[in-house]
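Everything below concerns the one structure shown next.
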Protein chains: 2
Amino acid sequence: MGAPARRRRAPKGEGDRLRDEILAAAEHLLIETGDEAAVSIRAIADAVGVTPPSIYLHFADKDELVFAVCQLEFAELGRRMEEAGRGVEDPVQALKNLGRAYIAFGTEHPAQYRILLMGKRELSREDFESGTLPGMEAFGQVVASVQACMEAGAFAPGDPFLVAMGLWAVVHGVTSLRITVPGFPLVDAEVLIDHVLEVQSRGLTARDGQNE
Amino acid sequence: MGAPARRRRAPKGEGDRLRDEILAAAEHLLIETGDEAAVSIRAIADAVGVTPPSIYLHFADKDELVFAVCQLEFAELGRRMEEAGRGVEDPVQALKNLGRAYIAFGTEHPAQYRILLMGKRELSREDFESGTLPGMEAFGQVVASVQACMEAGAFAPGDPFLVAMGLWAVVHGVTSLRITVPGFPLVDAEVLIDHVLEVQSRGLTARDGQNE
DNA sequence: TCCTTAAGCTAACGGCGATAGGTTGTCGTT
DNA sequence: AACGACAACCTATCGCCGTTAGCTTAAGGA
């Protein structure tokens with residue numbers, strides 16, 4: 001692998017073509033190696049067949065590039081969750097399916113999950129609220145699903161937003177521990193996931209009090 | 001700040017004295033800046049008044065150093081949790097207190113929590129089981145506390161280890177989201193924590209079935 | 001006094017993200 | 001067909017990083 005494989009310069013109006021090639025190369029590198037550290041500006045440039053400074057024609061810095069890559073992949077999270085909940089008539093079961101889909105997706109994309117949801121990138125409050133984070137579109141699904149559970153009388157009445165936030169924390173906890181701690185959990189993952197979701201649904205079930 | 005402030009060479013038998021100074025300097029840097037990236041070998045060496053290679057007389061590499069720093073601080077987690085649960089006669093309340101203490105500690109030491117529990121450092125399964133991780137001593141407390149809840153009839157019978165694992169995921173989820181997402185949760189943190197712990201305890205309460 | 005050896009240093013390597021400023025190919029204009 | 005402008009990309013370099021090989025110096029016993 002000595003040949004530099006120089007890339008042909010893009011025609012005049014289509015400088016942005018390089019942008020897509022960069023994103024593709026970075027994504028490939030990230031998935032291949034599973035390590036953000038291996039995705040260096042130099043390695044990306046090399047893969048594309050271009051010199052490092054050219055990257056900066058399209059991205060302000062490395063963080064922006066990596067973030068863009070993860071955003072692209074995370075667009076699928078919303079779809080996966082939507083699919084998981086669609087057509088399930090029992091609202092509680094539908095909600096559980098959302099959680100299962102979330103955990104599965106995160107586990108299947110550990111490097112990206114790490115960068116987006118466990119990284120140093122300071123997620124601004126705006127990102128969080130305005131749905132710049134693709135994951136936050138999915139959060140809306142959870143809120144709606146919780147509300148459906150409450151309206152069906154399956155869950156005790158309460159603030160769906162608060163409940164959804166709690167659920168997010170739970171599935172994120174499972175996902176992120178699975179990513180960080182090898183061999184977590186020491187029991188079968190599916191068993192833990194079933195258990196956790198079951199505890200959540202029992203804890204939220206309409207009974208005596210309400211979910212304040 | 002021009003003076004290099006050279007450190008005096010340690011007497012013959014006490015070369016390990018430098019080790020402690022390095023750990024102290026690294027800890028100070030980490031807390032001061034809150035950023036692992038700012039804790040460079042060079043910065044540490046500079047703070048101690050020594051040259052970078054001297055660090056390697058006491059630590060194999062940077063990871064080992066940083067890990068050692070975090071371990072030192074995390075030794076307190078066990079104490080804090082122990083203290084939080086001690087003398088509380090209601091076992092469920094005691095368990096909740098453990099969770100609260102965990103979240104509080106993690107939130108107060110974000111940089112360290114990030115490195116130990118959200119970092120790339122591949123926690124070996126041995127670390128996890130043998131309690132090399134100081135946090136795992138704390139995990140034992142949780143298992144015992146869960147068992148107490150079951151024996152008191154407050155929780156449905158089941159596998160305390162599984163239940164404790166689920167609880168860990170929950171408190172870790174809250175902690176790590178608080179660290180990663182600024183302004184999380186969009187509701188008051190205490191409200192969310194109360195909610196989450198309440199849902200857990202309700203979901204685990206002895207009622208019809210058991211916690212399989 | 002001298003000699004061993006622990007304790008720490010100097011110099012350097014390769015890799016990183018990023019920037020300043022030059023080159024070259026493409027395209028509309030004449 | 002020749003030209004000039006500008007987009008697209010490159011060369012050279014800076015300052016940082018972790019890490020290593022090999023040298024120096026001071027401490028302490030003989």
Side-chain angles (χ1 to χ4, degrees), chain A residues 1 3-26 29-30 33 35-70 111 115 119-122, chain B residues 1 3-26 29-30 33 35-70 111 115 119-122:
Chain A
M1 39 182 75
R6 268 299 167 67
R7 174 180 169 281
R8 289 192 47 162
R9 186 205 283 247
K12 207 88 187 257
E14 309 171 25
D16 283 353
R17 190 181 294 180
L18 177 55
R19 187 190 157 91
D20 295 341
E21 295 183 35
I22 291 171
L23 283 174
L29 265 172
L30 185 61
T33 68
D35 180 15
E36 186 182 358
V39 185
S40 70
I41 292 285
R42 284 169 156 92
I44 297 168
D46 219 60
V48 176
V50 98
T51 57
S54 300
I55 307 271
Y56 294 92
L57 295 174
H58 301 281
F59 300 93
D61 52 31
K62 191 190 172 181
D63 276 0
E64 188 179 305
L65 201 178
V66 171
F67 194 70
V69 170
C70 294
I115 292 165
K120 290 210 71 66
R121 172 158 204 105
E122 294 271 313
Chain B
M1 38 182 75
R6 270 295 168 69
R7 174 180 168 279
R8 288 193 49 157
R9 187 204 284 247
K12 209 92 187 251
E14 310 172 23
D16 282 354
R17 189 181 293 180
L18 177 55
R19 186 189 157 91
D20 295 341
E21 294 182 34
I22 292 171
L23 282 173
L29 265 171
L30 186 61
T33 68
D35 180 15
E36 185 182 359
V39 185
S40 71
I41 293 284
R42 284 171 156 92
I44 297 168
D46 219 61
V48 176
V50 99
T51 58
S54 301
I55 307 270
Y56 293 91
L57 296 174
H58 300 282
F59 301 93
D61 53 30
K62 190 189 173 183
D63 276 359
E64 189 178 304
L65 201 178
V66 171
F67 195 70
V69 169
C70 295
I115 291 166
K120 290 211 71 64
R121 171 156 206 106
E122 294 271 312

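So that the names make sense, note that chain A is the first sequence line, chain B the second, and so on, each numbered from 1.
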Can you check whether Ser54(B) has a side-chain N or O nearer than 4.0 Å to OP1 or OP2 of dG8(C)? no
Which of Ile44(B), Ile115(B), Asp35(B) passes side chain to side chain contact (heavy atoms under 4.5 Å, CB included) with Leu30(B)? It is Ile115(B)
Nucleotide dG15(C), atom P - distance to CG of Asp46(A) in whole Å: 12 Å
Rounded interatomic separation in angstrom, taking CZ from Phe59(A) and P from dG17(C): 14 Å
Nearest-Å distance, CZ (Arg17(B)) to P (dA27(D))? 12 Å
Measure from CZ on Arg8(B) to P on dG8(C) and round the result to the nearest Å. 12 Å
Here the distance between atom P of dG15(C) and atom CD of Glu36(A), to the nearest Å, is 20 Å
Write down the distance between NE2 (His58(B)) and P (dC9(C)), rounded to a whole number of angstrom. 11 Å
Value in whole Å for how far the C1' atom of dA7(C) lies from CZ of Arg19(B): 16 Å
Rounded to the Å, how far apart are Leu57(A) CG and dC6(D) C1'? 14 Å
Could you check whether any side-chain N or O of Lys62(A) sits under 3.5 Å from a backbone N or O of Val39(A), counting only pairs where one atom can act as donor and the other as acceptor? yes
What are the two closest non-hydrogen atoms of Tyr56(B) and Asp61(B), and how far apart are they? CE2-CA, 4.0 Å
Which nucleotides of nucleotides 18-26 of chain D have their base under 4.0 Å from a protein heavy atom (B), which only their sugar-phosphate (S), and which neither (-), written as one string 5' to 3'? BBB----BS
For residues Ala47(B) and Ala25(B), report the shortest heavy-atom separation together with the two atoms involved. CB-CB, 4.1 Å
Taking the side chain as every heavy atom from C-beta outward, state whether Phe59(A) and Ile41(A) have any pair of such atoms under 4.5 Å apart. no
Between Ile22(A) and Arg19(A), is the side-chain contact (heavy atoms from CB on, under 4.5 Å) condition met? List the steps. CA-CA 5 Å; Ile22(A) 291 171; Arg19(A) 187 190 157 91; 5.6 Å; no
